[in-house]
Amino acid sequence: MIATLLFVAFIAMMLVGVPIGAALGLAGATAIALANGDSQWFGLLAVPQNFYAGLGKYPLLAIPMFVLVGSIFDRSGVALRLVNFAVAIVGRGPGMLPLVAIAVAMFLGGISGSGPACAAAVGGVMIAAMNRAGYPAAFSASVVGAAAATDILIPPSVAFIIYSVLVPGASVPALFAAGMVPGILAGLALIVPAVWLSRRHKMGALEASMPRPPFWASFREAVWGLAAPVLILGGMRAGWFTPTEAAVVAVFYGLFIGMAVYRTISVRDLFPILRESGELSAVILLVVSLAGIFAYSLNTLGVIDPLTRVIVNSGLGEYGILSLLILMLITVGMFLDGISIFLIFVPLLLPIAQFYHWDLVWFGVILTLKVALGQFTPPLAVNLMVSCRIANVRMEETVRWVVWMLAAMFMVLVAVIAFPELALWLPRKLGY
Amino acid sequence: MSSPPHAGHAPEDPPEALPPLDDLDEPVRVPLKIEDGLTVLVMGALALITFANVIARYFTNQSFAWTEEFSVFLMIVLALVGSSAAVARDRHIRIEYFSDSGSMARRKNLSRLGAVLVALLFALIGVLSIRLVWDDYRFNETSPGIGIPQWWYSIWLPILSIGIALRAVGLFIRRGRWS
Amino acid sequence: QTYKSEYKMSLVLGPAYPWGKGGEIWANLVRERTQGRINIKLYPGVSLIQGDQTREFSAIRQGVIDLAVGSTINWSPQVKELNLFSLPFLMPDYAAMDALTQGDVGNEIFQIINKAGVMPLAWGENGYREISNSKLAIRKPQDLKGLKIRVVGSPLFLDTFTALGANPTQMSWADAQPALATGAVDGQENPMAIYTAARLQTMAQKHVTMWGYVADPLIFVANKDIWASWTPADQAIVKQAALDAGKQEIAIARKGLAEADKPLLKEIASHGVTVTQLSPQERDAFVKATRPVYDKWKNQIGASLVNSAEKSIAVRKQ
Ligand code: NA
Ligand code: NA
């Protein structure tokens, strides 16, 4: 009864546009008060305790730092140099610029931890260039929005950090390693429709006539950016720093490039960079901490166990249930952002995963792939929102292109479900 | 992983071309510079402390073992202070699909409802956390890492929560002027 | 008086560990002996406060948690006297620990916990904390010089390892495991039950030294309002069940370590781990090196409590 109210109140508040964190916190607090009528203060001291404890975790410090990394690399000029270098390699021709956009997004994914930040950095360079080459703005926005979704699969990734905080059995290094192959596959899969659509619709006709940057000069320019993922991923692997600290190393490396090498960032720019990334991090962290209140009431109302029993006894079988879960999450993902999906659904789904003895690292990769798809599935598509704003198009116009990208990345999801080794081989090889 | 950054800039833009963010804000009675300044300070401190720790651990045999506790505290302050600004700017993650469509009256009412509920939640957290601080104080609780009085940390929870509630009240009033 | 349909018991570790097993035994005994009047659900991983162990004691006092089996280390921020058990090399053996928890010192600590707002019921045990590292077999304080050791966040632990010349690093357990695996941190200290369950030998922890520098007893407690809501007969049942569960839990925690041939250590050694046991002379060198820390903290904890602890240990039955 109270559990039903918890969900109904939460969903109702969410649909009428109450901030998601507030909807989680209020629904949770109401359920706690109703369930603990005869305890001291209606058991409500669980509210500030869980609010504080939900946030007071050192690994979460990686979130503001990776958001800051995104903001710094966005302004540092690294993306522009990487694009020039990539063009110097693959050359000019129909479909080449979309391919470059995807490759550069994947590469930046090895530095940044969040999709929208990647979409901003790549979109800032690529969308204007693609416009000049004759690609329609809606197509460019679709390519960039989809390509940036590989960012949360390719380590480092804010998504994996949150999953690891929710699932202590899955360590951050293991998740980071497990995301690598699926992330690269997702990028490669996106190249197929991007190039095919360009050729079929004769887009980018002007591209062939644009100048091709000289190879060595553009390599020299790009080398600082090329070294960044090596430093970040290699440094974590070599034990120079923990995943939490890796983000901070990336911050200072990005500042070094931006302020000393490319001179694209001045001291005066630090204020807006820190302010913007600080506020955006706060928005994310607040949902994390308010979800702690929701989690407490979910945990103590005793709904998870019976729900799990109903699901596993439904007779659908392991793969039937997995398909159903993904279908449900795709529907939910049309309206909810990735962090909220993790915070709300991981506690609910974990007992099911444990019942079937699914590998929790593999399960984390599956969920993250799903969230990555959601980042460019309209109507709520955080990456597309960014790329559409840069391209100055309405999201509706992207639908006819984006469906192909979604289909391509969905194939990767199916492949990782069918062949768990795609995710699990690398972490095992590295000994996590 | 979510929620778009506020603006995408072409990296070749000269610094002057960065949109002056404060000009985009609606006018507010209590200047947002308070939260913005604190946000910048805390973000900068978090980055510097953690970086100093990596450097110190690697190049010397020192480590600042106390920093983990302090960094976590700073992160909590960041979440609350940044959220306060984000409430005033109406930038928290929410489903805009239904609330930002329809008649002006409907949009206005739903927006005000959201603001009232945020104010209610943070007023509740603020009041309840006063009990937390009081317990920390009267039982002489110390922080687990460095052993300083715990209420030095926890006192900021009610203060900043009430701050968020007041920002939500401010948003409620401003949305009331929509026509 | 109204009974709740279910009571919430907080635990740091689940029933796969002696700690969680103790909680499970307690809950089962209570359910049987009260014919289901008192029904307890376990919440391992301190999930009632999002895993934050150091807030557990406050949460019990505030009614967020009804019952708990908790560690003296985790509760020492709220009850400073619980640092007693973390005084380096205070307790030389299991008999010394029993002399404290089952004697006058134990009673005095229970009174202190009671005054801090929580109802104490029985003692259990997490175990002696032994040190492991990836670099060398530690036999003397000098061997620790410059080693980066992950410690639980507590000022006393930092002081102890600093005094030994090590480089203590505070880190959450979640961050610690990858840090150990990649060599960002050289070593850690924990009870052997946790070493084996977390398979720390796979995280480069190839050298274990059985130095038994501190041990953390566990305490079975209840929230005071919940306690008061039960009939005296039920209170007696819950208390006796805690005592019985505590006794069984201590036996489980010591299994493989209390026997003369220490079979658990043989099993760990069979994974290619060097297990070093200190001779009395070797142990003395560590005692001497940490003496200033001991003296400093003796005053902070309360000299009279530490004195009576020393006395109880001196006259302990072997
Ligand atoms: Na990434
Ligand atoms: Na979506």
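For a residue to count as touching a neighbouring chain, one of its non-hydrogen atoms must lie under 4.5 Å from one of that chain's; by this rule C:Thr54 touches chain B with the side chain only. Only the backbone of C:Lys115 comes within less than 4.5 Å of a heavy atom in chain B; its side chain stays farther off.
Taking chain B as the reference chain and counting heavy-atom pairs below 4.5 Å, the highest number among C:Gly117, C:Ser76, C:Ser154 is found for C:Ser154.
Shortest non-hydrogen contact noted between B:Pro27 and B:Arg174 is O-CD, 3.6 Å.
Remark: aromatic rings of C:Phe89 and C:Trp211 are close, center separation under 6.0 Å.
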Inset, instruction - Step by step, work out the salt bridge (charged side-chain N to carboxylate O under 4.0 Å, His left out) result for B:Asp36 and B:Arg89. - result: CA-CA 12 Å; B:Asp36 290 350; B:Arg89 294 188 172 107; 2.8 Å; yes
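Judged by the 6.0 Å and 45° rule, C:Arg61 forms a cation-pi pair with B:Phe139.
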